[in-house]
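Notes to accompany the following structure.
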Amino acid sequence: MKEYDHNKIEKKWQKFWDTKKTYQTENKSKKKKFYVLDMFPYPSGSGLHVGHPRGYIGSDIYARIKRMQGFNVLHPMGYDAFGLPAEQYAIEHNVHPRKAVEKNVKTFRSQLDKIGFSFDWSRQVNTTDPEYYKWTQWIFLQIYNSYYDAEKNKARPISELIKKLEKTDRNFKKLSEIEKEKILMNYRLAYEGYSEVNWCPKLGTVLANDEIVDDKDGNPVSERGGYPVEKKSMRQWFMRITAYADRLASDLDGLNWPQHIKEIQKNWIGISHGSEIEFKTNIDRNIKVFTTRADTLFGVTYVVLSPEHTNIGEFLVQSQNMAEASKYIREAKERLNKGDMNREKGLPAGEAGKTGIELKGIKAINPANGEEVPVWIGDYVLASYGTGAVMAVPAHDERDFEFAKKYNLPTKQVIEPIFIKKNGSDGVKPNLELIERNAVVCVVEHWSEKKFLCLAWKKNDWKGFVVGGIENGENLISAGEREIKEETGYQNLEYIKKLEYKIHSQFYHEVKKQNRFAHFDVLYFKLKDSEQKELAEEEKLLHDLVWVDKEKVDAFVSTDEDMQFIWRVFIKSQAYLSDGILSHSNQFDGLTSEEARKKITEFVGGKLVTKYKMRDAIFARQRYWGEPIPLIHKKDGTVVAVPEKKLPLVLPNVTSYEPIGTGESPLAGVKAWVKGGYETNTMPGWAGSSWYFLRYMDPKNKKSFADKKNIKYWKDVDLYVGGQEHATGHLLYSRFWHKFLYDSGYVPTSEPFKTLKNQGLIMANDGRKMSKRWGNVVNPDDIVKIYGADTLRIYEMFMGPFEETVAWNTDSIIGPRRFIEKVWRIGEKVMAKPKNNFGRYAFGGIQQGSSQNHSLVSLQKLLHKTIKKVTEDIEAMRFNTAVSAMMILASEMEKSENINIEDYKKFLQILAPFAPHVTEELWFSLGEKKSINISGWPKWNEKLIKDEEIKIAVQINGKVRAEIEIPADMLEADVLDLAEKNENVKKWTEGKIIIKKIYVKGRLVNIVLS
RNA sequence: GCCCAGAUGGCGGAAUUGGUAGACGCGAUGGACUCAAAAUCCAUUGAUGGCAACAUCAUGAGAGUUCGAUUCUCUCUCUGGGCACCA
């Protein structure tokens, strides 16, 4: 047989598949569909490195097994080619960005082709193709012409809203077009507004975050030229993604996605349930605040407005220190801008500490108790979240606490902590009654040193301060003194202070065998001298007295939450942030936080509301290389859509791709464009990628983005593979658009991607990311040339779990290469003998007895076990262990004298998704006439998988001491008997008493000795 | 600071309804084949002690639950990712 020349073989079959259209998806098929999708790449100038194909290989293997299992598989590929790098290239070389894209696409295609993917290239899409972006523009217009109907909880055409407004609002009809449009703009799902951009005056352009660097003083400057960058408010288009926030969050539950991606999206959306509460003021202007802690309303000691609060001017003009306050606002805004810029670049926002200024003379009135509190402006309050104002409760909010400490504002405790022990020896026992007790905790300081008196209990390992019950009618301080004297013997105490609130604790009292609900008062004493009386014997047995250094007390009492809390409150005066029990809150005293939130909100006429961290998405770039937004600004100030018939609105040619100096896109420099009133912003990068998976279903359709029948057949993506860096971008935007299309009746599912898998990164040898910058890039072309595509594919799957980051190691590739050569050699062996010698070994016909036949049987058993394992592993995307199983099978086959040719073919079939070229070559060499890649998937025989004889371990006290061989179905009593009789076991059990014997079926026996 | 994930030989990694830790691969050492080399094959390869049989220790650290813990619980350390004044 021929030598294994991977270059020749791989080229040959790639050509074969191409001409025979082996991987072309069937158009009208009665087969079940299966849609396997990769995140399409941005074709960058530097091409692929070996990290890029990892995800593609995984999804390709998945697509291949599905194809072999008889599904009609859609496995397409395309290019997401709008964006900055191509534009940059255009500016530098003064060529049309399309040229750069064409060139890069060519490189990508040739690199991908070498790896032997089973893409159906006839369905390729490219976001920069006018025939494609025609439909991106079309979808944009549908979004623009829709609003979110809160009652129906879905998007509806804006025409419905107009009708509604005409019915309900008499004035609406009388309004001018401009005025009507203004109102509608507040409802449209795509709307015009203002937002801040990074503006570089010197370059006369808006910069993306990654075009900005820090200069040596930490100020933001342009990467090109090093010119200062500032924030500038500019007209932008937005998408009202926040309308979908609830659905985007709650629908995550039904998705088969990696947990952490769901977590990231959930955090990003950031739902908080809280209350909006109005504070009246002494100047006839209310301040509305948002809080999640309405239960702390009685603890409000001041109110804070954001420097960027929309109505700040109204308060400013009536304050007594207007000049000073406006100066503060100006400076604060500047700082915030800089902070924002840092945040966008992923740097710390620069928490130099909170600053603020009081608006003198202005008072807010607490609606809960009528108390007047001061009004402040503070830079720690965000204008863009909630209402832009907060009620400050320093006792129960860390930020307010910090601010109050800095500006000497009062603190008022209204939530008493409650600790419920759940685990451990003092965890509350579920079926036992709770007994309420009033009690006292005493913190006792040493008479001369910086030490505190602690107790370490002997019965359990409880550590804390002096604790005791209060007897009926007893004075609090004397109760404390009595306890200290009884438990420690110290006599001369000086009372210092008392914690102004109680601490509640539920726990199990081991000595008294009771569930306790204790209400602690906390007292602070100092010893006057060292006088100490001898303790009663029973007290001595209970606990040790320990003097603990002040610095070490926190650690000493750390095993007990409430003791540690007491210490921290007294010594570090920390805010209590958790829920608890209300106090100093009039009629609400004694309620839990949760109950109180609703009741207090109701009481003050507030509203329960939901807020989101997520903001509406900016849908505009001030750049050339993107989809034109199909809107026309008319002279009268209204905006109209480009008629559907005129789509695509084609990107015009420009003479220069340079920014034009006003911050607008180069399109603003095209006379005809501006004259026509066309929008000069272009769409952001995420537009084209938010729906491309739908276009693959029907990529050449001229009448719609995809035909209804095709959409109905393909429905949604069954498996989506890509990097986790798109968690809050592409994956969120796609879900948003898809939900919109679902609401509008264009797609049958409300979620586009049923199952999502994230391939892990491939790091370079040096542990860094592969990048031109580090010079550590490995090009797959080189690997394919030296080792072959099949080897590369197997290596990338074998190197570690698919979803985890692993380091590339070119030395290790030799393993998978040897494996393929082994498979090749086995093929040679199989083919060396006349076929007739093999046919008769079909199973069922094997005679027991001879060692040769015996090895055939065990090989066949192994084959069927391997088929099972590989099938299940691919389904679960555990490619590394699938490869490992096939390596074991190959080694056994090579050792074996006789190999059943049909068995060998089955092996080739399960290997084919991983190594399509070499298996195809061998498959045809064995006389097959049709591609192995559509040959069907072998099934395993359950009977052959079961072993009759199994080896199990025998443990003595949990340690393996012997191994015995037993029939798989042997009864427990017999197994235990056999185990005990084993020589090695006897050695250990001799003269010992066996107290327990355990048999875990098919696994092990454990003999427990006393 | 908060949230999430993770930590296993020289290296990549395997093993979970709690049941023989280190599969498979790389590397290393020794051997067979060869004039020689490459390739291939065979053997050994967690650590310590021992001629050996074998024993002890070992899954980031410490505790706990259990006949038995890489797997479950708690605390801590480190690494990666996300968020970052979101009230």
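Letters go in sequence order (proteins before strands), and every chain restarts at 1.
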**Report entry** Residues, nucleotides or ligands: over 12 heavy atoms within 6.0 Å of E398(A) CD
**Finding:** no
Query raised in the report: Do the side-chain N or O atoms of K262(A) get closer than 4.0 angstrom to the phosphate oxygens (OP1, OP2) of rC3(B)?
Result: no
Query raised in the report: Between Q955(A) (CD) and rG19(B) (P), how many Å, whole number?
Result: 11 Å
Query raised in the report: Reckon V806(A) touches a base, only the sugar-phosphate, or nothing at all at heavy-atom distances under 4.0 Å?
Result: sugar-phosphate
Report task. Please work out if R615(A) contacts a base, only the sugar-phosphate, or nothing of the nucleic acid, heavy-atom cut-off 4.0 Å. Result -> base
Requested in this report: Could you tell me whether the phosphate oxygens of rC85(B), OP1 or OP2, come under 4.0 Å of any side-chain nitrogen or oxygen in K354(A)?
Outcome: no
Query raised in the report: Is any side-chain N or O of Y385(A) closer than 4.0 Å to OP1 or OP2 of rA87(B)?
Result: yes
Query raised in the report: In whole angstroms, how far is the C1' atom of rA14(B) from the CE atom of M887(A)?
Result: 13 Å
**Report entry** Check ion pair R54(A)-E796(A) (N to O, under 4.0 angstrom)
**Finding:** no
Requested in this report: Go through rC26(B), rC42(B), rU56(B) for me and flag the one nearest to the S812(A) side chain.
Outcome: rC26(B)
Query raised in the report: Starting at NZ of K266(A) and ending at P of rG81(B), how long is that distance when rounded to a whole Å?
Result: 24 Å
**Report entry** Taking every non-hydrogen atom, the tightest pair across F914(A) and A882(A)
**Finding:** CZ-CB, 3.9 Å
Query raised in the report: Hey, is the side chain of T728(A) poking within less than 4.0 Å of OP1 or OP2 on rG82(B), counting only N and O atoms?
Result: no
Query raised in the report: Counting only heavy atoms not in R1003(A), do more than 12 sit closer than 6.0 Å to its CZ atom?
Result: no
**Report entry** Y795(A) side chain vs N809(A) backbone, donor-acceptor pair below 3.5 Å
**Finding:** yes
Query raised in the report: Which part of the nucleic acid, if any, lies within reach of S384(A) when heavy atoms closer than 4.0 Å are counted: base, sugar-phosphate only, or nothing?
Result: nothing
**Report entry** Phosphate OP1/OP2 of rG27(B): any R818(A) side-chain N/O under 4.0 Å
**Finding:** yes
Query raised in the report: With respect to the phosphate group of rA14(B), does any side-chain polar atom (N or O) of R878(A) fall under 4.0 Å of OP1 or OP2?
Result: no
Requested in this report: Please state how far atom CD1 in I261(A) lies from atom P in rA5(B), giving the value in whole angstrom units.
Outcome: 13 Å
Query raised in the report: Which string of ( ) [ ] | and . matches RNA chain B, if you list each base 5' to 3' and count Watson-Crick or G-U pairs only when both distances are under 3.5 Å?
Result: (((((((..(((......[....)))((((((.......))))))((((....))))..(((((..]....))))))))))))....
Requested in this report: Give a yes or no on this: more than 12 heavy atoms of other residues, nucleotides or ligands lie within 6.0 Å of atom NZ of K769(A).
Outcome: no
Report task. Could you tell me how the ring of Y4(A) sits relative to the ring of W824(A): parallel (under 30°), tilted (30 to 60°) or perpendicular (over 60°)? Result -> tilted
Query raised in the report: Is any side-chain N or O of N880(A) closer than 4.0 Å to OP1 or OP2 of rA14(B)?
Result: yes
